[in-house]
Structure formats: structure tokens, C-alpha cells
Amino acid sequence: SASKTDDNVIDKDEFCLMMNVSQHKQNSAYVETLFRMFDSDGSGTVDFEEFVCSLAIYQNKAKNIPEKDKQKLFFKLYDLDGDGEISVRDLATTLKSCFVGNGMIVSDEDIDVLVKTTFARYSLNARGNIDFASYCKSAFRA
């Protein structure tokens, strides 16, 4: 069990322990975002129902959950600061964190190219960011 205390929920510290973040400090931004994704009610803890539901969506096993709910969950993975849009910084930080977590060494220049290429595929809002509607339109097109 990842839980340090027998309270039937997982807090952020326990989640980080479960995800073995101590070995990858640079990966902490992505793990914190994953925690926010799993903590669907924003309580600061993940209960059993939230854990199972988020895991099912993340593993594409949640057939009875509306597509919009799935899209919101995945959008949260990239919207690191939770402001309702994906900025260049959000995406670059997410990519770096994913690469580090997978033991990959990718230069900042290569990450910049990936971010610019990705942003070129989306309709950007007035601040030059990707909002939820644009994300859904491009990321989930058939």
C-alpha cells in the first residue's frame, strides 16, 4: 500500500511515494499533474473511487464514461498550472518531465521544436495558448 496512514485515501506525499518520485526530482511536475488528474474532486486526496476511475480512463478501459470527461482528464495532464489552457511552458515542462521519467535525455532545443510543432497544429487563443475546445478538436479528431 502507498498509504502512510490508514485513512482510506492517498494524499500527495503518498502518491509521490507510490510513483517513486524521490528517484526523479525533475519528474515531480508531471507526477503532481497526475495527482491532480486522479484527485478529481480537488480535495487534496485520492479515494478509492477516484483512483479506480482515473486509472480506468488513463488505461482506456472506461467505456461507460462520457468522452468529454475523458478529454477533461487528459487536458489536465498538460495544463500544469490549472488555468484552463495549455501554455508553451506547460507543454515544455510536461515533455521534459515525461522524458526524465522514462530515462530519456532530450535537449532543450529538441523540446522547443516539439512544442512549436505541436502548437502549430492547434487554433490558439488570444494569449497564444491552447484552450480546452481547441485541444479537443485537434487531439481527439477521428
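Everything numeric here is computed off the predicted structure, so don't read it as measured data.
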Considering only heavy atoms from C-beta outward, does the side chain of D81 approach that of D90 to under 4.5 Å? yes

Value for OG (S40) from CD (E49), rounded to nearest 0.5 Å, stands at 7.5 Å

message: In this structure, would L77 and F15 fall into the same cluster of hydrophobic residues linked by side-chain contacts under 4.5 Å?
response: yes

To the nearest 0.5 Å, atom CG of L80 lies from atom CD1 of I86 at 9.0 Å

* **Within one Ile-Leu-Val-Met-Phe-Trp-Tyr cluster: M37 and F48, side-chain cutoff 4.5 Å** => no

Looking at S54 and E50, would you say the former's side chain and the latter's main chain have a donor-acceptor pair under 3.5 Å? yes

Q.
Using a strict threshold of under 4.0 Å (side-chain N to carboxylate O), is an ion pair present between K12 and D39?
A. no

Query raised in the report: Do F119 and V113 share a hydrophobic cluster, counting only Ile, Leu, Val, Met, Phe, Trp and Tyr and linking them when any side-chain heavy atoms are less than 4.5 Å apart?
Result: no

Check your understanding: Please walk me through it: do N129 and L124 pass side-chain contact (heavy atoms from CB on, under 4.5 Å)?
Key -> CA-CA 5 Å; N129 296 326; L124 305 179; over 6 Å; no

Check whether any side-chain heavy atom of L91 lies under 4.5 Å from a side-chain heavy atom of T118, and answer yes or no.
-> yes

One should read off an interatomic distance between R121 CZ and S134 OG, to the nearest 0.5 angstrom, of 10.0 Å

Heavy-atom distance under 4.5 Å between the side chains of E85 and D79, does that happen here?
no

_Do E14 and V9 have side chains that approach each other closer than 4.5 Å (heavy atoms only, starting at C-beta)?_
no

Taking the side chain as everything from C-beta on, heavy atoms only, tell me whether D47 gets closer than 4.5 Å to N8.
no

Point to revise | Flag side-chain contact, heavy atom, 4.5 Å: N125 against I130 | key: no

Does the plane of the ring in Y78 sit parallel, tilted or perpendicular to the ring in Y135? Use 30° and 60° as the thresholds. tilted

L114 and I105: same hydrophobic cluster, using ILVMFWY side-chain contacts below 4.5 Å?
-> no

Angle class for the F75/F132 ring planes (parallel below 30°, perpendicular above 60°, tilted otherwise)? perpendicular

query: When clusters are formed by joining ILVMFWY residues with side-chain heavy atoms under 4.5 Å apart, either directly or through shared neighbours, do V52 and I10 land in the same one?
result: no

